[in-house]
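Here's the structure, in C-alpha cells; my notes come after.
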Amino acid sequence: MQVKRLHPWPSDAAEAEAIQDRLRGHVELTGPTTFTLVAGLDVHYHGDDQVTAAVVVFDAGSLEPVEQAVARGRAAFPYVPGLFAFRELPALVEALELLTATPDLLVCDGYGLAHPRGFGLACHLGVLTGLPALGVGKTPFIGTHETPGPEPGDWTPIVHEDATIGRALRTQRDVKPVYVSQGHRISLDTATEQVLRLTSRFRLPDPIRHADHLARHPD
DNA sequence: GCGACAG
DNA sequence: ATCTTGTCGC
C-alpha cells in the first residue's frame, strides 16, 4: 500500500512536538464501524537501536492472517515519553508499504488520543496513511481511570482534563485491562468493539500478538 | 520543585 | 524495548 510521505524529520524534541501539534488537527474521531482487512503492527528492539517492524494483515471475518511484511532499520529518534512514535514510524511505514493489500484498520501497539498532546503513535500512523487506526496500550500513561469490572468487555473511561480520552478495557476475565484510545477515523465505541472482537484467547488483540511474534522472529 | 513517564 | 513471552506480583 501507499503511505503519505513522511514530514521532514525532527532533529530535536521541540521540532517533534511541533509536528505533533500541527498534525493533531488532522485527526478525525468518527469513521467506519465495520472492517474487512485489519492490520496489527509492532516493533522489536535489539542490539544498539536496531529495530524490526512487523505488520500482519488479518481477514476481519475469519480472523485468519492473509499477509505479512517486515522492515528492518534503526530507531529514528531517542526514546522520550510522548515522542515515542518518532522511534518507530519510519520502520512501520516501510513495512506498510511492502504490503500488497491495503488494510482498512490499523491496530497499533501504543496510544492514540490518550497522549500528552493528544497525538500518540496510533494518531500519527492514521493520519499518514489516511486509514482508521486505534491504539492499545499495556500500561497506563496519562489520565485517570477506575478499575473496570472483571469480565471481558467491562470498561471504565480514561479521563484527562475533563475529557474522555480512552478506555481501560478488560479483554479477559481477571486479566489486567488494556488501554484503548482512538487513533484516526474511528469512534471510541468502535475502537473498543474492535479490540474485543480481535482478542481471541489472551490479553492483547490477535493482530498485535502476531505482529509482536513476527517482529521477534522474522525468519 | 520532584519524580514518573506509551515502546 | 531488551528475556522464552501466557499473566501477575507489593
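Below, read A as the first sequence line, B as the second, and so on, with proteins coming before strands; counting in each chain starts at 1.
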Problem - Structure string for DNA chain C in dot-bracket form, Watson-Crick and G-U at under 3.5 Å, | interchain - result: ..........
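- A ring-centre distance under 6.0 Å is found for H124(A) and H7(A).
- A salt bridge links R173(A) with E151(A): at least one charged nitrogen is closer than 4.0 Å to a carboxylate oxygen.
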Distance-only donor-acceptor pairs under 3.5 Å for side chains of residues 138-149 of chain A, two or more places apart:
residue : atom : partner : partner atom : Å
K138(A) : NZ   : D109(A) : OD1          : 2.8
K138(A) : NZ   : D109(A) : OD2          : 3.4

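- Within the 4.0 angstrom heavy-atom criterion, no nucleotide atom of any strand lies near Y179(A).
- Checked by atom type and distance alone, the side chain of T129(A) pairs as donor or acceptor with a backbone atom of G126(A) at under 3.5 Å.
- When atom types are taken as modelled, the side chain of E67(A) and the backbone of A101(A) share a donor-acceptor pair closer than 3.5 angstrom.
- In the hydrophobic clustering (ILVMFWY side chains linked at under 4.5 Å, chained through shared members), L105(A) is joined by F35(A), V38(A), L63(A), V107(A), L134(A), V136(A), W155(A), L169(A), V178(A), V180(A), I186(A), V195(A), L196(A), L198(A), L204(A), I208(A).
- In this view, E161(A) satisfies the side-chain contact (heavy atoms from CB on, under 4.5 Å) rule with no residue, not counting sequence neighbours.
- The closest donor-acceptor contact from the side chain of H184(A) to the backbone of E28(A) lies under 3.5 Å.
- In this structure a side-chain-to-backbone donor-acceptor pair under 3.5 Å is missing from E97(A) to M1(A).
- Within residues 137-150 of chain A, the residues approaching DNA chain C are K138(A), by heavy-atom distance under 4.0 Å.
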Exercise for the section: Starting from the C-alpha separation in whole Å, work towards a yes-or-no answer on side chain to side chain donor-acceptor pair (under 3.5 Å) for T192(A) and R167(A). Expected result: CA-CA 8 Å; T192(A) 305; R167(A) 285 176 184 167; 3.0 Å; yes
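- Secondary structure note: stems in DNA chain B built from 3 or more consecutive Watson-Crick or G-U wobble pairs under 3.5 Å do not occur.
- Heavy-atom minimum distance, P10(A) versus F77(A): O-CE1, 3.6 Å.
- With respect to the salt-bridge test (charged N to carboxylate O, under 4.0 angstrom), the residues R72(A) and D219(A) qualify.
- Proximity of a side-chain donor or acceptor of Q20(A) to a complementary backbone N or O of G82(A) within less than 3.5 Å is detected.
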Name each donor-acceptor pair under 3.5 Å that joins a side chain in residues 89-96 of chain A to protein atoms two or more places apart or in another chain, with its distance.
none

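- Between the side chain of S181(A) and the main chain of G166(A), no donor-acceptor pair closer than 3.5 Å is present.
- Look at the P atom in both dA1(C) and dT7(C): the space between them is 12 Å, to the nearest Å.
- Between dG6(C) and dG7(B), the distance separating the two P atoms is 15 Å to the nearest Å.
- In the region residues 42-49 of chain A, proximity to DNA chain C at under 4.0 angstrom, judged on heavy atoms, holds for H44(A), Y45(A).
- Within residues 115-130 of chain A, the residues that place at least one heavy atom under 4.0 Å from DNA chain B are, in residue-number order, H115(A), G120(A), L121(A).
- Between D206(A) and R197(A), no side-chain nitrogen of the basic residue sits less than 4.0 Å from a carboxylate oxygen of the acidic one, so the salt-bridge criterion is not met.
- The footprint of chain A on DNA chain B, defined by a heavy-atom cutoff below 4.0 Å, extends from dC5(B) to dG7(B).
- Heavy-atom neighbours of Q2(A) CD from other residues, nucleotides or ligands within 6.0 Å: at or below the threshold of 12.
- Listed for the Q50(A) side chain is no donor-acceptor partner under 3.5 Å among the backbone atoms of H46(A).
- Across residues 208-219 of chain A, R209(A), R216(A), H217(A) each have a non-hydrogen atom less than 4.0 Å from an atom of DNA chain C (numbered order).
- Of all the residues in residues 80-87 of chain A, P81(A), G82(A), L83(A), F84(A), A85(A), R87(A) reach under 4.0 Å from DNA chain B with at least one non-hydrogen atom.
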